[in-house]
Amino acid sequence: MSSSIQAVIFDMDGTIVDTEGTAAEVIEQTLAEWGLRLNPAHHGLVSGRTWAAGFDVLFEKYAIPIQRAQAEELILERYRAATARELKVIPGVVEAIRALAKEFPLALVSGSHRREVLFALDRLAVRDLFQGRIFGAEDYHRSKPEPDGFLKAAAALAVPPPACLVFEDSAAGIASARAAGMKVVAVT
């Protein structure tokens, strides 16, 4: 690592755990129950962002037959149940987090709610390595691709944004980290 890197920030979904496919399946199945089909072009509009931003897209593009609060609750409940049954971990990430924590302070910025983030980090036994610098969707105002979450993490780390290295997988997350002035590793 370059000596200009002073801190490392992780995204969660798609970078630490592979939950984006689970989220997409839950959304597609729930829409299908309502007689709707998720347009493949909209898939990227609901991944890599906060759930609220994803729901904004769904309610803008689709005639969902129930109230938004009910739809959100139903989809999130199904998503949480699916990840509790099977949490898919990105190969090698736990070891990478442990190794990087020995060299750098860590933070995490996710579009998922804090509840899902803490569940995953606890399941992987790495929460303590982030020393409380964990930001879920409710901890910053504007969703990725806006830089808000990453800037908040840099402030919590007390590290200037250009000295932060971000691990991200989504186009929105990469754009967010770049907009914050950070270096980014794209995880595919």
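With sequence neighbours left out, Leu74 forms a side chain to side chain contact (heavy atoms under 4.5 Å, CB included) with Thr30, Trp34, Arg78. Under the rule for a salt bridge (charged side-chain N to carboxylate O under 4.0 Å, His left out), the partners of Arg142 that lie at least two apart in sequence or sit in another chain are Glu146, Asp148. Among residues two or more places apart in sequence or in another chain, the salt bridge (charged side-chain N to carboxylate O under 4.0 Å, His left out) test is passed with Asp13 by none.
Closest non-hydrogen pair, Ala63 versus Leu36, comes out as O-CD1, 3.7 Å. Nearest heavy atoms, Leu38 versus Glu28: CD2-CG, 3.7 Å. Of all heavy-atom pairs spanning Thr22 and Ala82, the tightest one is CG2-CB, 3.5 Å. The two residues Pro161 and Ala180 come nearest to each other via the heavy atoms CB-O, 3.1 Å. The shortest heavy-atom contact between Gly173 and Ser170 is N-OG, 2.9 Å. Annotation for Phe59 and Ile66: closest pair CE2-O, 3.9 Å, computed over non-hydrogen atoms.
In terms of hydrophobic clustering, with Ile, Leu, Val, Met, Phe, Trp and Tyr side chains grouped at heavy-atom distances under 4.5 Å, Leu118 and Val126 are assigned to a common cluster. No path of Ile, Leu, Val, Met, Phe, Trp and Tyr side chains, each step under 4.5 Å between heavy atoms, connects Leu124 with Ile9, placing them in separate hydrophobic clusters. Note on Phe130: it clusters hydrophobically with Val8, by side-chain heavy-atom contacts below 4.5 Å among ILVMFWY residues. Linking Ile, Leu, Val, Met, Phe, Trp and Tyr whenever their side-chain heavy atoms come within less than 4.5 Å puts Leu58 and Tyr79 in one cluster. No continuous path of hydrophobic side-chain contacts links Ile174 to Val187 [ILVMFWY only; heavy atoms under 4.5 Å].
No more than 12 heavy-atom neighbours from other residues, nucleotides or ligands sit within 6.0 angstrom of CZ on Arg178. Sparse packing is recorded around CD of Gln67, with 12 or fewer heavy atoms of other residues, nucleotides or ligands lying under 6.0 Å away.
The distance from the CD1 atom of Ile90 to the CG atom of Asp18 is 4.5 Å, given to the nearest 0.5 Å. Here the CG-CE distance, from Leu151 to Met182, works out to 5.5 Å after rounding to the nearest 0.5 Å. The distance from atom CG of Leu31 to atom CD1 of Ile75, rounded to the nearest 0.5 Å, is 6.0 Å. The OG1 atom of Thr19 sits 10.0 Å away from the CD1 atom of Ile16 when rounded to the nearest 0.5 Å. In this structure, CD1 on Ile27 lies 10.5 Å from CD on Glu20, to the nearest 0.5 angstrom. From Phe104, atom CZ reaches atom CG of Leu129 across 14.5 Å, with rounding to the nearest 0.5 Å.
Within the 4.5 Å cutoff, side-chain heavy atoms of Lys144 are placed close to those of Phe150. Pro105 is not listed as a side-chain neighbour of Gln6, based on a closest heavy-atom distance of 4.5 Å or more. Side-chain contact between Ile134 and Arg127 is present, with heavy atoms from C-beta onward closer than 4.5 Å. Residues Ser112 and Trp51 form a side-chain contact, since some pair of their non-hydrogen atoms from C-beta on lies under 4.5 Å apart. Here the side chains of Met12 and Phe167 are not in contact, with every heavy-atom distance at 4.5 Å or above.
By the 4.0 Å N-to-carboxylate-O rule, Asp56 lies close enough to Arg68 to be salt-bridged with it. Ion pairing between a basic and an acidic side chain is recognised when a charged N comes within 4.0 Å of a carboxylate O; Arg114 and Glu138 show no such pairing.
In terms of modelled atom types and a separation under 3.5 Å, the side chain of Glu116 and the main chain of His113 share a donor-acceptor contact. The backbone N or O of Val17 lies less than 3.5 Å from no partner atom in the side chain of Lys88, so there is not a single donor-acceptor pair. Judged purely by atom type and a 3.5 angstrom limit, Lys61 has no side-chain atom pairing as donor or acceptor with the backbone of His42. Judged by distance alone, the side chain of Ser143 and the main-chain N or O of Thr50 form a donor-acceptor pair under 3.5 Å. Looking at Arg37, its side chain never comes within 3.5 Å of a backbone N or O of Ala32 through a donor-acceptor pair. Proximity of a side-chain donor or acceptor of Asp122 to a complementary backbone N or O of Phe119 within less than 3.5 Å is not detected. No donor-acceptor pair under 3.5 Å is formed between the side chain of Ser176 and the backbone N or O of Ala172.
Of the candidates Val109, Asp169, Leu108, Val166, Asp169 is the only one forming a side chain to side chain contact (heavy atoms under 4.5 Å, CB included) with Asp11.
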